[in-house]
Amino acid sequence: MCGRFALTASPEEVRALLQYLDQPNFPPRYNIAPTQPIAIVRQDHGKRRFALVRWGLVPGWVKDPASFTLLINARSETAAEKPSFRTAMRHRRCLIPASGFYEWKRPDGGPKQPYWIRPKDGGLVAFAGLWEEWADPDGGEIETGAILTIEANRTVGEIHNRMPVVIAPEDFDDWLDVTNVTAKEAAKIVKPAPEDLFEAIPVSTRVNSARDDDPGLQEPVDVAAVETQAPRPAPKKAQKPAKKGGGQLDLF
DNA sequence: CCAGACGTTGTT
DNA sequence: GTCTGG
DNA sequence: CCAGACGTTGTT
DNA sequence: GTCTGG
């Protein structure tokens with residue numbers, strides 16, 4: 001799935017791909033984490049516009065966002081029917097520019113290994129996204145968003161079973177056209193990414209910390225040693241203390 | 001009728 | 001274990 | 001997604 | 001808001 005990504009392309013490169021009216025400036029970001037602002041592109045009055053929203057979609061009907069699960073992803077297979085997503089699937093689709101994303105591989109018994117997954121040609125892509133507007137009782141408004149996911153293709157499947165939905169440039173217009181294109185029609189645009197689009201590069205576990213944000217996070221590390229190692233012995237299951245007998249506190 | 005859920009991932 | 005913060 | 005907290009009173 | 005469960 002996609003719980004961390006990057007947007008390191010220049011504002012000019014992003015605008016060249018997505019063709020919005022605005023000319024925003026923004027810094028490269030190597031480690032975008034949930035709850036942080038993400039760049040989205042949506043169609044407004046027939047024009048493409050750039051915006052920043054909080055990553056973690058909050059449906060409009062939520063009363064207390066604090067006690068609502070953070071929806072950073074939406075399964076593309078079911079989003080059109082889910083109460084949390086279906087209105088957005090019809091009326092609030094967007095594109096989310098990305099230079100790539102991170103996935104963590106979890107070998108049996110081994111340590112989690114992060115991978116930086118980016119287009120082989122070094123360009124950027126547009127993820128399929130949904131956005132929402134949430135009105136707080138004090139009259140404030142918060143815009144939020146989520147990334148659609150799909151079963152991983154063969155390449156990414158080596159690392160993880162889900163991946164973000166990538167929208168091809170020829171489909172940008174239809175994906176964004178919420179006036180004329182229904183959720184059902186939009187769903188047809190969602191496809192697995194071509195096998196040769198991405199490459200996966202093992203990177204430092206520094207990326208684990210959302211506070212780290214620098215180019216070094218995308219530098220290859222040598223993970224061969226780790227991968228060829230025999231899996232560690234499975235951690236011993238701690239003996240379950242017999243809770244039932246006696247009920248005495250066993251302090252010594 | 002009202003109350004309560006509404007989600008994804010991964011892991012077991 | 002579970003929740004919050006980034 | 002992962003990391004880090006998870007608590008109170010009073011004092012500086 | 002809308003659907004499901006009781």
Side-chain angles (χ1 to χ4, degrees), chain A residues 1-7 27 29-38 52-92 96 98-118 127-137 142 144-152 156-165 183 190 200 202-214 217-218 231-232 234-238 240-241 243:
Chain A
M1 77 66 104
C2 185
R4 217 66 82 76
F5 69 105
L7 181 59
R29 294 175 63 203
Y30 298 87
N31 195 6
I32 302 171
T35 73
Q36 294 177 355
I38 57 174
L52 292 173
V53 304
R54 183 181 194 264
W55 188 10
L57 185 145
V58 178
W61 43 260
V62 166
K63 292 187 184 65
D64 176 21
S67 57
F68 192 80
T69 311
L70 202 57
L71 301 173
I72 65 171
N73 295 129
R75 294 179 66 92
S76 60
E77 298 90 338
T78 54
E81 294 95 50
K82 297 284 185 182
S84 291
F85 301 126
R86 64 176 180 190
T87 314
M89 268 298 277
R90 176 62 187 86
H91 299 290
R92 285 182 288 278
I96 300 174
S99 299
F101 58 102
Y102 300 95
E103 296 288 3
W104 281 258
K105 186 173 182 174
R106 307 158 176 280
D108 280 355
K112 281 176 301 191
Q113 172 61 49
Y115 286 78
W116 164 233
I117 300 171
R118 64 160 187 200
F127 294 153
L130 304 174
W131 65 278
E132 267 292 354
E133 195 166 63
W134 187 81
D136 79 48
I142 304 170
T144 61
I147 297 170
L148 293 188
T149 64
I150 189 170
E151 186 75 14
V156 176
E158 296 295 318
I159 315 294
H160 195 78
N161 64 333
R162 306 285 299 172
M163 68 184 290
V165 173
V190 170
V203 293
S204 163
T205 54
R206 270 199 314 118
V207 74
N208 292 10
S209 172
R211 287 179 166 85
D212 271 331
D213 181 8
D214 62 79
L217 299 182
Q218 296 171 351
R232 270 198 240 145
K236 283 177 209 135
K237 276 193 182 149
K240 277 211 170 119
K243 294 191 170 166

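Listed candidates were C/dG6, B/dT9, D/dC2. Nearest to the side chain of A/Ala210 is C/dG6. If you check B/dT8, E/dG1, C/dG6 against the side chain of A/Trp61, the one that comes closest is E/dG1. Distances were taken from every side-chain heavy atom of A/Trp104 (C-beta onward) to each of B/dT8, D/dC2, E/dG1; the shortest belongs to D/dC2. Out of C/dG6, B/dT8, B/dT11, the shortest distance to the side chain of A/Gln36 is found at C/dG6. Of the candidates D/dA3, C/dG6, B/dT9, B/dT9 carries the atom nearest the A/Arg162 side chain, counting heavy atoms from C-beta on. Taking every side-chain heavy atom of A/Ile72 into account, D/dC1 is the closest of C/dG6, B/dT9, D/dC1. Candidate nucleotides B/dT8, D/dC2, C/dG6 were compared by shortest atom distance to the side chain of A/Asn208, and D/dC2 ranks first.
The shortest side-chain heavy-atom distance between A/Trp104 and A/Pro111 does not fall under the 4.5 Å cut-off. Proximity of A/Lys105 to A/Lys112: side-chain heavy atoms (C-beta onward) are nowhere separated by under 4.5 Å.
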Practice problem: Take A/Leu148 and A/Ile150 through the side-chain contact (heavy atoms from CB on, under 4.5 Å) test and state the conclusion after the steps. | Solution: CA-CA 7 Å; A/Leu148 293 188; A/Ile150 189 170; over 6 Å; no

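The same atom, C1', is picked in B/dT9 and in C/dT2; the two are 16 Å apart, to the nearest Å. Rounded to whole Å, the C1' atom of D/dC2 lies 16 Å from the corresponding atom of B/dT11. Taking the P atoms as reference points, B/dT12 lies 14 Å from D/dC1, given to the whole Å. Between D/dC6 and B/dA3, the distance separating the two P atoms is 35 Å to the nearest Å. Here the separation of D/dG7 from C/dC3, taken at their P atoms, is 12 Å to the nearest Å.
If you measure from atom CG of A/Asn161 to atom P of B/dT8, you get 13 Å, rounded to the nearest angstrom. In this structure, the CZ atom of A/Phe127 is 13 Å from the C1' atom of D/dC1, given to the nearest Å. Between A/Lys112 atom NZ and B/dT11 atom C1' there is a gap of 12 Å when expressed in whole angstrom units. Rounding to whole angstrom units, CD1 of residue A/Ile150 and P of B/dT8 are separated by 14 Å.
Using a 4.0 Å heavy-atom criterion, one finds that A/Phe5 contacts no nucleic acid atom at all. A/Arg86 comes within 4.0 angstrom of sugar-phosphate atoms only, judged by non-hydrogen atoms across all strands, and of no base. In this structure, A/Thr35 reaches the bases: a heavy-atom distance under 4.0 Å links it to at least one base atom across the strands shown.
Taking a pair to require two hydrogen-bonding distances under 3.5 Å in either a Watson-Crick or a G-U wobble arrangement, B/dT8 remains unpaired. With a cut-off of 3.5 Å on both pairing distances, the Watson-Crick or G-U wobble partner of B/dC1 is E/dG6.
In this pair, A/Trp55 and A/Phe5 present their aromatic rings perpendicular. The plane angle is above 60°, beyond the 30 to 60° band.
With hydrogens and angles left out, the side-chain atoms of A/Arg29 and A/Gln36 include a donor and acceptor closer than 3.5 Å.
A/Trp116 and A/Tyr30 have their aromatic ring centers separated by at least 6.0 angstrom.
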